[in-house]
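Have a look at the structure below before the remarks.
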Amino acid sequence: MKQLEMADTLLDWYDRHARDLPWRVSPQDRKAGISPDPYQIWMSEIMLQQTTVAAVKSYFERFTALWPTVTALANAEDERVLGEWAGLGYYARARNLLKCARVIRDEHGGVFPKTREGLLSLPGVGPYTAAAIASIAFDLPETVVDGNVERVTSRLFRLETPLPAAKPELTALAQTLTPNERPGDYAQAIMDLGATICSPKSPACGICPWMAFCAACKVGDQARFPLKTPKKPKPTRHGHAYVARTTRGEWVLETRPEKGLLGGMLGWPGTDWREAHPKAAPFEGAWIEVGEVRHTFTHFHLILTVHRADQVEGALEVYALRGQNAFRASDLPTVMRKAFDLAHSTFTTDPVASDANQEA
DNA sequence: GAGCCGTGGCT
DNA sequence: TAGCCAAGGCT
């Protein structure tokens with residue numbers, strides 16, 4: 001069977017070239033009987049959804065140091081976890097991370113389910129992540145189909161169907177390649193292959209362990225794959241954000257609604273983000289316009305006009321007021337941190353703000 | 001199926 | 001500069 005030969009070839013390559021990652025048990029260690037911690041595999045897979053390895057590493061180290069077990073994470077405060085997630089993006093992942101940890105604690109005795117179906121029922125765990133945990137953590141022969149596997153498989157078979165419609169075909173093809181031996185290492189191997197050899201732009205076919213099996217490589221048109229349906233252009237939206245400090249030196253923030261963009265995260269009060277952008281200060285203050293922040297989200301560009309005011313006072317109970325020692329800019333999603341950085345630079349350089357600081 | 005949901009690095 | 005891309009899931 002060619003499939004068995006392909007799996008053996010890839011696993012041999014993986015034994016020599018596996019990436020060293022914080023959440024990974026090396027093929028050598030795995031052969032020595034060391035198993036991955038399902039909690040760590042789950043954590044890494046959630047963080048890696050649509051996110052680069054480089055971006056994830058420091059977050060993974062911090063989360064697992066802060067919360068070494070799923071029960072410890074389940075017992076953490078929402079605000080603390082969301083604050084630590086700030087900057088990583090796709091914040092529904094952090095909310096589902098907590099939901100999932102509490103389901104594991106309350107309904108599964110603190111232990112992860114050991115089947116693909118059981119894992120699939122967990123919040124934030126879809127087809128890819130369920131297969132990834134089942135294979136990597138429990139060494140079950142489940143097939144992972146992420147962007148890497150889609151690219152590798154579409155090139156292997158020169159699949160002319162464009163994504164995302166091609167997903168079912170690619171899944172079926174990838175399943176025919178998944179071996180019953182070392183399925184956990186195989187899953188990581190095929191993703192490593194996609195990440196390091198079978199890359200999107202200029203794949204290194206000359207050193208690919210699967211060169212002899214690859215239809216696209218034979219023809220030489222590997223860069224055509226995978227085919228993709230065209231994306232819609234991003235519109236540009238505008239808005240205003242208001243960065244204020246009270247007479248007592250507290251920052252005036254708000255917790256955003258649970259659902260929608262930046263759901264559950266801290267942010268500065270402001271207008272909606274739409275095509276038009278009328279100013280509308282949320283409360284009284286000596287507002288000064290300090291500039292613009294440009295930021296691109298998944299489906300639109302944002303131009304955010306930033307205002308700031310010092311020494312505000314009045315009925316601010318509806319806001320989340322944070323004193324200096326209770327506020328970390330790193331707890332803010334990136335667009336809000338950009339607005340803070342811009343406004344904060346004017347607080348410290350503006351003569352009026354400086355005078356106010358001396359009095360305080 | 002298609003829209004929504006972040007961010008940073010690379011070309 | 002602007003677009004593409006990254007170990008996707010939810011509605």
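Chain letters run A, B, ... following the sequence lines, proteins first, then strands; residues in each count from 1. Hydrogens, waters and symmetry mates play no part in the numbers below; they use all other heavy atoms, side chains included.
- As a whole-Å value, the separation of Lys99(A) NZ from dT11(C) P is 7 Å.
- In the set dG8(B), dT7(B), dG8(C), the nucleotide with an atom closest to the side chain of Tyr90(A) is dG8(C).
- Listed candidates were dC5(B), dA6(C), dG9(C). Nearest to the side chain of Gln50(A) is dA6(C).
- Candidate nucleotides dG6(B), dA6(C), dA7(C) were compared by shortest atom distance to the side chain of Glu45(A), and dA7(C) ranks first.
- Rounding to whole angstrom units, CZ of residue Arg95(A) and C1' of dC4(B) are separated by 12 Å.
- For Lys232(A), the listed nucleotide lying nearest its side chain is dG3(B); candidates were dT7(B), dA7(C), dG3(B).
- Between dG8(B) and dG9(C), the distance separating the two P atoms is 22 Å to the nearest Å.
- Of the residues Glu250(A), Glu254(A), Glu79(A), the one that meets the salt bridge (Lys or Arg N to Asp or Glu O under 4.0 Å) test with Arg322(A) is Glu79(A).
- Note on ring orientation: taking the six-membered ring where Trp is involved, the planes of Tyr39(A) and Trp42(A) are tilted (angle from 30° to 60°).
- Contact annotation for Gly260(A): backbone-only contact, meaning every heavy-atom pair under 4.0 Å involves sugar-phosphate atoms and none involves a base.
- Between Lys259(A) atom NZ and dG9(C) atom P there is a gap of 19 Å when expressed in whole angstrom units.
- For Thr51(A), no side-chain nitrogen or oxygen approaches OP1 or OP2 of dG6(B) to under 4.0 Å.
- Within the structure, ring-ring contact (aromatic ring centres under 6.0 Å, His included) contacts touching residues 116-169 of chain A (residues at least two apart or in different chains) do not occur.
- Atom CD1 of Ile133(A) and atom P of dG9(C) are 10 Å apart (whole Å).
- With a 4.5 Å cut-off on side-chain heavy atoms, Leu73(A) and Leu97(A) count as touching.
- Looking at Glu84(A) and Arg80(A), a side-chain N of the basic residue comes within less than 4.0 Å of a carboxylate O on the acidic one, giving a salt bridge.
- The pair Asp341(A)-Arg337(A) meets the salt-bridge criterion, since a charged nitrogen lies less than 4.0 angstrom from a carboxylate oxygen.
- Using a 4.0 Å heavy-atom cutoff across all strands shown, Gly263(A) reaches no nucleic acid atom at all.
- Closest to the side chain of Asp192(A), out of dC10(C), dG6(B), dA7(C), is dA7(C).
- Using a 4.0 Å heavy-atom criterion, one finds that Trp85(A) contacts no nucleic acid atom at all.
- With respect to Glu292(A) and Arg294(A), a salt bridge is recorded, a charged nitrogen being found less than 4.0 Å from a carboxylate O.
- Using a 4.5 Å heavy-atom cutoff, the side chains of Arg182(A) and Arg30(A) are not in contact.
- Here Asp221(A) pairs with Arg158(A) in a salt bridge; the nearest charged N to carboxylate O distance falls below 4.0 Å.
- Positionally, the nearest nucleotide of DNA chain B for Ala165(A) lies more toward the 5' end than for the other of Ala165(A) and Gly89(A).
- dC10(C) atom C1' lies 14 Å from atom CZ of Arg93(A), rounded to whole Å.
- Nearer to the 5' terminus of DNA chain C, by closest-nucleotide assignment, is the contact made by Trp23(A) (compared with the other of Leu122(A) and Trp23(A)).
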Give each protein N/O atom lying under 3.5 Å from an N/O atom of nucleotides 1-4 of chain C, with the pair distance.
none

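- For the pair Leu262(A) CG and dT7(B) C1', the interatomic distance rounds to 11 Å; values are reported in whole Å.
- Atom-to-atom, NZ of Lys228(A) to P of dC5(C) comes out at 4 Å; the value is rounded to the nearest Å.
- When distances run from any side-chain atom of Tyr128(A) to the nucleotides dG3(B), dG8(B), dG8(C), the shortest one goes to dG8(C).
- Minimum atom distance to the side chain of His299(A) is reached by dC5(B), of the listed dC5(B), dG6(B), dG9(C).
- Between Tyr319(A) and Phe283(A), the ring planes lie perpendicular to each other; the angle is over 60°, past the 30° to 60° tilted range.
- Between His295(A) and the phosphate of dT7(B), there is a side-chain N or O to OP1/OP2 separation shorter than 4.0 Å.
- Listed nucleotides dA7(C), dG9(C), dT7(B) differ in distance to Pro127(A); the shortest reach to its side chain belongs to dG9(C).
- Spacing of P atoms, dA7(C) relative to dG3(B), comes out at 23 Å, to the nearest Å.
- Across all strands shown, Leu302(A) has no heavy atoms under 4.0 Å from either base or sugar-phosphate atoms.
- Separation of the Phe297(A) and His295(A) ring centroids falls under the 6.0 Å cut-off.
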Check your understanding: For DNA chain C, what dot-bracket results from Watson-Crick or G-U pairs at under 3.5 Å, with [ ] for crossers and | for inter-strand partners?
Key -> .|||||.||||

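- The side chain of Arg19(A) contributes no N or O atom lying less than 4.0 Å from OP1 or OP2 of dA7(C).
- Salt-bridge check for Glu160(A) with Arg224(A): passed, with a basic side-chain N closer than 4.0 Å to an acidic carboxylate O.
- When the P atom of dG6(B) is taken as reference, atom CZ of Phe300(A) falls 9 Å away, rounded to whole Å.
- Across dA7(C), dT7(B), dG8(C), the shortest atom-to-atom separation from the side chain of Thr129(A) is found for dG8(C).
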